[in-house]
Amino acid sequence: RAISENRSVEECMVDALKGSVSNEEPRSLIAIAKMWKKSIPDSEDSVQNEGILLTEELKAVDYEYQERIHWTKLQLVGSGSYGEVFKMQDKKTQFQCAAKKLPFGCFRSEELTTCIGLTSPRVVPVYGAVREGPWIMIFMKLIEGGSLGQLIKESGFLPENKALYYLDQVLEGLEYLHAHDILHGDVKADNVLLSKDRSQAFLCDFGHAVHLIPEDLRNSRMSDDYLPGTQTHMAPEIMMGMHWSSKIDIWSSCCMTLHMLNGCHPWTRDSSGPLWFKIAHEAAPWKEVPVSCNPFTVDVLRAGLQKEPSRRASASELRGKVELAQQKVSLRRFGQEEKTSSHS
Ligand SMILES: CN1C=C[C@@](O)(C#Cc2ccnc(-n3nc(C(N)=O)c4cc(F)ccc43)c2)C1=O
């Protein structure tokens, strides 16, 4: 049937995977993610249990993997516009990981197709995805230190050297993603996870990610199912509906840095006029850089907050400036308390 109908290998693979959960290779998960994107939530939701697990630590049993039967939620670790994230445990192996739960109708295949197979130490590894009725569960490595957004909320703001330290690691992750033609699309502190000792940072949440395939990008300013990221971190070219590129992640990483330094998102201290208009037509949020910052840190933000994307630094270029600023800013051994710095 496959040959006679000239069906692709991928379509045949998906046929074989439908309606069951199995431990397979990453390409099977890519295939089923694309199938989910094409299918619409239907009355069969209640019976659907299908998906792919990429690690033997999560074990499908008789081609099923269902909450409460094969795995259990331990605690809520995060929630936001993306849905909810739980710490979970496999009942057979006792293995624990994180699970993001989102409505089937909100699922974008790019959330999986962009992060499967990535090996950067700055990206959270994905362990699989399973549909259970009207829900999609995406399993990934548990990162015990919580998010950078939670750290900023706890601390009020971060000292300059810590802000540069985390920005450097985020830019390392963006260097890797951009070299693999992937745009993250929602770089912000809530989407940066920290190791238990908070020395290591990891990018997560590919729900807004885009494959930067040049010919497609030239034609589409935003594909029809593109989900905009966080408005306060959105680059001017997006607000103006112009061509966009990996440089939007650079702008967002500098907005995240202002959030670390000030304890609040950029543009939020002045409530005059619509946000989109300010981002599109006003100067970059220069005045928000704390007066106490080292000139080399100001140079980092100047290079990353250029309104014209072609003049904006790439991840590699900006990382070089960050590492220079780190040498200038009194960087002591990580984790020592810092004197509070004055803020504008
Ligand atoms: C690889 N992959 C697969 C799904 C993905 O697009 C996501 C996500 C996401 C969004 C927001 N938050 C978390 N989040 N994850 C954890 C964790 N893994 O331990 C976590 C822990 C928290 F304390 C708070 C939020 C958290 C994870 C993605 O990137």
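In listed order, ligands and their atoms are each counted from 1.
Between atom 25 (C) of ligand 1 and the options Leu193, Leu118, Ile136, the minimum heavy-atom separation is to Leu193. Closest heavy-atom approach to atom 24 (C) of ligand 1 within the set Val126, Leu102, Val77: this belongs to Val77. Nearest to atom 5 (C) of ligand 1 by heavy-atom distance, out of His208, Glu110, His184, Glu111, is Glu111. Here the shortest heavy-atom distance to atom 8 (C) of ligand 1, taken over Asp190, Val124, Asn191, Asp205, belongs to Asp205.
The closest donor-acceptor contact from the side chain of Glu317 to the backbone of Ser314 lies under 3.5 Å. With hydrogens and angles ignored, the 3.5 Å screen pairs a side-chain donor or acceptor of Lys307 with a backbone N or O of Glu282.
Enclosure of atom NZ in Lys91 by more than 12 non-hydrogen atoms of other residues, nucleotides or ligands within 6.0 angstrom is indicated.
Ile143 belongs to a hydrophobic cluster with Val124, Met140, Leu193, Phe202, counting contacts under 4.5 Å between side-chain heavy atoms of Ile, Leu, Val, Met, Phe, Trp and Tyr, direct or through other members.
Close approach of ligand 1 to Ala98 is summarised as follows: ligand atoms under 4.0 Å from at least one heavy atom of the residue are 17 (C), 18 (N), 19 (O). Residue contact check: Leu142 has heavy atoms under 4.0 Å from atoms 19 (O) of ligand 1. Listed by number with element, the atoms of ligand 1 under 4.0 angstrom from any heavy atom of Ile138 are 3 (C), 4 (C).
Of all protein heavy atoms, the one lying nearest to atom 9 (C) of ligand 1 is Cys204 SG, 3.8 Å. Closest to atom 13 (C) of ligand 1, if we only count protein heavy atoms, is Val85 CG2, 3.6 Å.
Atom OG of Ser109 is separated from atom NZ of Lys34 by 7.5 Å, given to the nearest 0.5 angstrom.
Where the criterion is an N or O separation shorter than 3.5 Å, residue side chain and backbone included, Ile143 meets it with respect to ligand 1.
No side-chain N or O of Trp267 forms a donor-acceptor pair with one of Gln231 less than 3.5 Å apart. For the residue pair Thr113 and His211, a side-chain donor N or O sits within less than 3.5 Å of a side-chain acceptor on the partner.
In this structure, Gln150 has a heavy atom closer than 4.0 Å to ligand 1.
A 4.5 Å side-chain heavy-atom check between Thr257 and Thr297 finds every atom pair outside the cut-off.
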